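For reference, the structure is listed below as structure tokens.
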Amino acid sequence: MGASQRRKGAAGEREAAKAWEAATGHKAVRMGPLQAGGGTAQAPDLMLEPHDIKAEVKRRKNITLHNWLKEAEQAGCNDDRTILLSRED
């Protein structure tokens with residue numbers, strides 16, 4: 001993954017976290033490998049409080065829902081408290 005893709009992903013995660021916090025008043029913690037200094041490839045992008053909801057964040061021109069769901073599953077987002085947040089570029 002190139003530097004511009006990492007920056008875009010990190011910006012998308014920050015945007016989604018701010019939107020969650022503004023809408024719910026609860027914290028969103030960045031967990032994925034794009035977070036500076038932490039995360040693993042198997043971690044969800046965000047953990048949404050207060051119920052530890054796992055979130056996978058995507059910002060792309062093309063919608064590839066099937067692939068996104070596979071990625072979310074590989075990141076450990078395969079329980080009943082998982083959501084996919086996306087926005088078209």
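Numbering of residues begins at 1 and proceeds along the displayed sequence. Fair warning: this is a prediction, and the values are worked out from it, not measured in the lab.
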Discussion item. If the condition is side chain to side chain contact (heavy atoms under 4.5 Å, CB included), which residues does Ala16 pass it with, not counting sequence neighbours?
Written reply: Leu46, Val57, Leu85

Worksheet item: Looking at Ala10 and Arg30, what are the two nearest heavy atoms and their distance?
Response: CB-NH2, 3.6 Å

Worksheet item: Looking at side-chain heavy atoms only, is the closest gap between Glu21 and Lys27 below 4.5 Å?
Response: yes

Fill in: By side chain to side chain contact (heavy atoms under 4.5 Å, CB included) - contacts of Lys18 (at least two apart)
none

Worksheet entry | All salt bridge (Lys or Arg N to Asp or Glu O under 4.0 Å) counterparts of Glu15, not counting sequence neighbours | Arg59, Arg87

Worksheet, complete the sentence: Taken in chain and number order and not counting sequence neighbours, the residues that satisfy side chain to side chain contact (heavy atoms under 4.5 Å, CB included) with Ala22 are none

Worksheet item: Between Asp45 and Met31, does a side chain to side chain contact (heavy atoms under 4.5 Å, CB included) hold up when you go through it step by step?
Response: CA-CA 5 Å; Asp45 294 330; Met31 303 293 294; over 6 Å; no

Worksheet item: Is any side-chain heavy atom of Ile53 closer than 4.5 Å to a side-chain heavy atom of Met47?
Response: no

Worksheet entry | Atom pair CD/NZ of Glu56 and Lys58 - distance to nearest 0.5 Å | 4.5 Å

